[in-house]
Amino acid sequence: MGNCFSISLQFDAIFSNCYQSTVAQASYVHNLKENLKALEKASEELTDVKNGLVRRVKIAEEEDQLMCLETVQRWISRAEAMEIEAQELLQRGSQESIRLCLWGCCSKNYKSSYIYGKKVLRKLDEVTDLKGEGVFEVVAERGPIAPVVEVPDEPTVGMEPIFDLVWTKLNEEDVRIMGLYGMGGVGKTTLLKKINNNFLNSQNDFHVIWVVVSKDHTIENIQNSIGEKISPSCGEDVWKNKTSQQKSEVIFNVLNKKKFILLLDDIWERIDLVKVGIPLRNTQNGSKLVFTTRSKDVCSRMEVDKQVEVKCLSWEESWKLFQEKVGKEALSVHPDILDLAKQVAKECDGLPLALTTIGRAMACKRTPQEWRYAIQILKNSASSFSGMGDEVFPLLKFSYDNLSSEKFKSCFLYCALFPEDWEISKDELIYKWMCEGFLDECSDFESLQGQGYTIIGSLLYACLLEEVDETRVQMHDVIRDMALWIACGCEKADHTFLVKTNVELKEPMIERWNEVERISLMKNCIESLSGSPTCPNLSTLFLQKNQLLQVSGSFFEFIPKLTVLDLSDNGSLTCLPTEISKLVSLQYLNLASTGIKELPRELKDLKMLKYLNLDYLYNLNVIPEGVISSFSRLQVLHMFWCGIWSEEMVEDRVECGGSELLVQELESLKHIMKLAVSIKYVTALDRLLASQMLLNSTQRLFLHFESTLQFLNLSTLLRMERLEKLYLLKCSRLEELKIDWEWKRREECSSHVPSPPQCPTNDLFPSLRDVYVSFCPNLKELTVLAFAPNLQVLTVINCPALEEIIRLEKLGDAPEEVKCLQPFLKLDTLALDDLPKLKNIYPKPLPFPCLKFINVSGCEELKKLPVSSTVTKMRPDLKIEGRESWRNKLEWEDETTRDAFLPCFDAINR
């Protein structure tokens with residue numbers, strides 16, 4: 001029984017399994033249509049899930065710069081393969097459905113339907129399972145950081161030389177921090193991009209980090225930008241929630257293990273690298289920092305090892321860039337356009353931003369008339385030109401906005417009153433600023449000059465001014481246009497300027513004067529100032545370099561606030577109206593180089609006057625007595641080369657040519673800081689030298705002793721510590737300039753100041769820069785010039801008895817220590833004319849490290865120049881002018897010296 005029961009159970013199990021298997025196999029056929037529909041639906045859902053993931057990945061990659069996770073990418077690949085497989089099965093569905101019979105319970109080809117139905121069901125399960133696996137919270141992450149990421153840039157034109165320089169310096173071991181500075185729009189960012197991208201093609205192991213800083217940066221913004229470039233984790237929320245100090249520590253720890261180069265574009269102030277976390281000073285692996293800035297001062301504050309100025313393009317480079325932006329078609333459509341296009345390009349003054357903007361704007365201009373009109377607009381109202389007022393000037397204005405105070409901004413805008421390319425005297429600019437009230441009141445010239453030079457320096461460092469030399473600055477043309485755009489109210493600034501310079505005006509346009517504060521009509525053709533302009537707000541009037549013949553008496557009646565009046569360089573203006581006394585607010589009056597013969601007595605009513613310039617008024621015969629002394633506030637008085645052709649003294653008038661009465665009036669000027677004066681009489685010179693106040697303030701001295709002086713003891717001038725110019729003209733009996741060394745020793749003893757151990761050349765004429773000697777027929781030498789260590793310009797003309805410039809035997813009476821002196825170390829210009837007996841300048845060769853120009857004429861006995869061949873190596877731009885006959889007589893130390901100097905000659909008769 002037991003065995004029978006066991007056999008029965010086994011049979012039941014076998015039967016059950018066979019039945020279930022048969023039923024399952026039959027279901028593959030019986031449920032085929034339902035399974036096909038389910039597979040189609042599941043496949044569509046899988047596609048939707050896949051497409052959603054693909055979109056999320058694309059957004060993460062394109063917008064967040066992330067990298068797709070490998071698991072996500074594998075799932076997407078599996079889903080794409082599954083879609084193909086499912087579609088292949090579904091495409092056979094209609095064919096297999098036709099074979100079904102008996103209401104789908106059987107098939108005409110049962111085996112085929114069975115196999116197909118089994119595949120459909122299995123694929124349905126696979127699709128369903130895969131769809132369930134397609135749920136991802138995160139689809140992408142930050143990938144590994146590339147050592148160099150290319151930044152989009154434009155082709156550079158004309159910047160190859162400076163790029164080569166920067167790249168060479170960047171590869172020098174001792175250059176760790178480099179600053180690239182220059183005015184806005186000059187191409188600093190373009191240069192930095194080129195440096196970044198050049199690392200892609202160079203063999204190096206730098207990790208290059210590019211960061212745009214901009215004007216309104218914060219330490220944290222810089223840290224975030226750097227963080228994104230050095231570590232994937234720095235883009236996460238965890239990083240954003242860190243403090244600045246924590247970010248600094250992370251950046252330090254990451255960079256301290258790398259050799260990196262950090263490129264910071266457009267910084268406006270010093271960035272504390274320690275606070276950011278940059279370990280530049282701590283690493284020894286050659287890491288570097290390069291930044292761009294508009295301020296040279298920032299380079300100093302960042303303690304750069306190398307600073308490079310990015311300058312405007314040369315004309316050749318400018319023209320090449322301009323042609324590229326305009327296009328060949330526009331330039332060749334009419335034969336006149338090419339020359340006109342060059343005029344337009346020159347208005348850009350080499351600034352790439354302006355060349356690009358204007359070039360693109362002119363690309364569609366096809367007629368000469370359009371080009372001529374463009375030139376007119378650029379000259380008269382550049383802000384109206386397409387792209388200048390909305391692209392170029394706003395960008396440049398950031399430099400103006402970044403100036404530290406309204407005082408600095410006012411001083412900058414003031415420079416726009418001068419014409420294009422005008423070389424502005426620093427001192428004259430400071431005097432004008434002083435009278436305009438831009439500078440604080442000062443009791444001494446050093447403080448005044450210090451204020452002025454500080455402002456000029458700041459404008460130079462901000463690349464808003466350009467330095468011509470140590471005494472002059474100028475404005476770039478486009479910067480000047482931007483300044484006028486601001487000053488004329490285009491930016492709703494609190495300034496109103498009227499500037500029409502160098503445009504050949506015949507009339508002064510007084511109908512437009514009533515609203516403005518400052519007017520400049522320099523370099524025009526105005527002959528007359530007439531009428532009675534009502535100008536309640538006018539404070540500044542520039543009329544230099546016109547053709548003025550007269551000024552009507554009524555012209556100054558209704559200009560109550562006029563503070564600065566400049567009438568200089570109007571050679572045909574011979575008199576001033578008495579009504580000038582109406583200008584009760586006037587503080588600055590410049591009449592230099594006019595033809596004025598007499599000053600009106602009413603001038604004494606200008607009680608506020610601080611600056612008066614009468615330089616080069618050769619024909620100014622007399623000044624009414626009491627006029628000079630009435631200027632109780634006067635701080636600067638210039639009377640250089642003034643009244644030298646004047647007649648004898650007239651009752652109740654001061655002789656301008658240097659009488660004792662003139663010096664007496666000068667003594668009443670208690671606030672005088674700067675004096676330039678012409679003296680004709682020994683008694684007047686003696687009185688001048690007796691006044692410590694006048695000695696302290698004399699900057700330029702003109703001596704014109706026609707018949708009275710035989711010996712001039714320059715020891716008496718040693719107390720003029722500010723003396724910069726000394727001119728001797730027509731001193732017909734003058735035979736010798738000398739130093740009384742006994743007097744010098746007495747002076748030193750009385751002052752109780754011990755003499756310095758070195759050669760005392762600085763104690764003699766430390767400030768003397770310019771010496772001019774002319775028409776002194778009995779003068780034989782100028783040995784005293786050996787004691788002017790800072791002499792820059794020496795001009796000697798028509799001195800027929802002059803034999804030597806410096807005669808060493810004359811130093812015999814000098815103290816022993818002065819014999820170690822070496823003259824002319826700072827001489828820049830030497831001009832010798834009509835000196836028939838001159839044989840020697842100096843008996844031994846001198847280095848002349850600063851010499852740029854020698855002009856020799858009418859010096860046939862001068863057969864040797866006291867210059868060594870090293871001069872041409874130090875000064876390759878040295879130029880020598882002289883007649884061919886004189887050059888051929890010159891004797892040289894050797895052939896090497898001769899060959900070195902021959903290229904310097906520019907023969908007059910050639």
Side-chain angles (χ1 to χ4, degrees), residues 431 435 528-529 541 543-544 546 548-557 559 562-669 671-672 674-680 684 700 702 704:
Y431 297 145
C435 296
S528 174
L529 299 178
L541 180 56
L543 288 161
Q544 314 86 297
N546 273 278
L548 286 176
L549 299 172
Q550 62 165 346
V551 180
S552 70
S554 61
F555 190 79
F556 296 124
E557 286 195 20
I559 316 179
L562 192 64
T563 304
V564 170
L565 175 61
D566 197 329
L567 297 170
S568 60
D569 291 297
N570 283 284
S572 299
L573 183 64
T574 57
C575 64
L576 289 175
T578 58
E579 288 82 358
I580 195 172
S581 61
K582 302 284 187 181
L583 302 177
V584 293
S585 299
L586 200 64
Q587 297 188 34
Y588 178 104
L589 178 59
N590 193 340
L591 303 172
S593 298
T594 60
I596 292 174
K597 297 179 179 179
E598 184 172 347
L599 296 181
R601 187 180 300 275
E602 290 76 11
L603 207 65
K604 62 168 51 179
D605 293 336
L606 304 181
K607 303 296 184 183
M608 302 294 290
L609 211 61
K610 291 182 179 179
Y611 175 100
L612 177 61
N613 194 333
L614 306 175
D615 280 348
Y616 306 106
L617 268 63
Y618 309 109
N619 297 313
L620 183 61
N621 293 320
V622 288
I623 303 173
E625 186 175 1
V627 168
I628 296 295
S629 58
S630 68
F631 303 138
S632 59
R633 296 171 178 258
L634 202 64
Q635 297 180 34
V636 180
L637 175 60
H638 291 167
M639 297 182 67
F640 193 73
W641 215 313
C642 173
I644 58 172
W645 313 131
S646 63
E647 302 297 330
E648 293 298 319
M649 238 181 342
V650 183
E651 186 178 352
D652 81 352
R653 296 187 177 188
V654 177
E655 185 180 359
C656 297
S659 68
E660 190 174 356
L661 186 55
L662 171 64
V663 179
Q664 181 181 332
E665 294 222 7
L666 295 178
E667 289 174 331
S668 66
L669 304 177
H671 299 287
I672 196 73
K674 211 73 175 290
L675 176 66
V677 64
S678 302
I679 299 293
K680 281 183 68 173
R700 293 179 291 151
F702 189 104
H704 179 54

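If you run side-chain contact (heavy atoms from CB on, under 4.5 Å) between Leu589 and each of Leu583, Leu603, Val564, Asn613, only Leu603 comes through. Remark: of the listed residues Leu620, Leu612, Leu662, Leu662 is the sole one forming a side-chain contact (heavy atoms from CB on, under 4.5 Å) with Met639.
Side chain to side chain, Asp566 and Gln544 meet the donor-acceptor criterion of an N or O pair below 3.5 Å.
Scanning all heavy atoms of the two residues, the minimum distance from Ala684 to Ile679 falls at CB-CG2, 4.0 Å. Nearest heavy atoms, Leu669 versus Ser629: CD2-CA, 4.4 Å. For the pair Trp641 and Ser678, the tightest heavy-atom approach, listed with the atom from each and the gap, is N-OG, 2.8 Å.
Here the straight-line distance linking atom CZ of Arg601 with atom OG of Ser581 works out to 13.0 Å at 0.5 Å rounding. Once rounded to the nearest 0.5 Å, the distance linking OH of Tyr618 with CD1 of Ile596 reads 14.5 Å. Note that CD1 of Ile628 and CG of Leu634 are 7.5 Å apart. Values are rounded to the nearest 0.5 Å. Remark: Asn570 CG to Leu548 CG distance equals 4.0 Å, nearest 0.5 Å. In this structure, CG in Leu617 is found 5.5 Å from SG in Cys642, a value given to the nearest 0.5 Å. Between Leu576 atom CG and Phe556 atom CZ the span is 7.0 Å, to the nearest 0.5 Å.
Ring orientation note: the planes of Tyr611 and Tyr431 are tilted relative to one another, at an angle of 30° to 60°.
Shown here is Lys610, whose NZ atom has more than 12 heavy atoms of other residues, nucleotides or ligands within 6.0 Å.
Proximity of Ile672 to Leu666: side-chain heavy atoms (C-beta onward) are nowhere separated by under 4.5 Å. By the 4.5 Å heavy-atom criterion applied to side chains, Lys607 and Ser630 are counted as neighbours.
Looking at Arg700 and Asp615, a side-chain N of the basic residue comes within less than 4.0 Å of a carboxylate O on the acidic one, giving a salt bridge.
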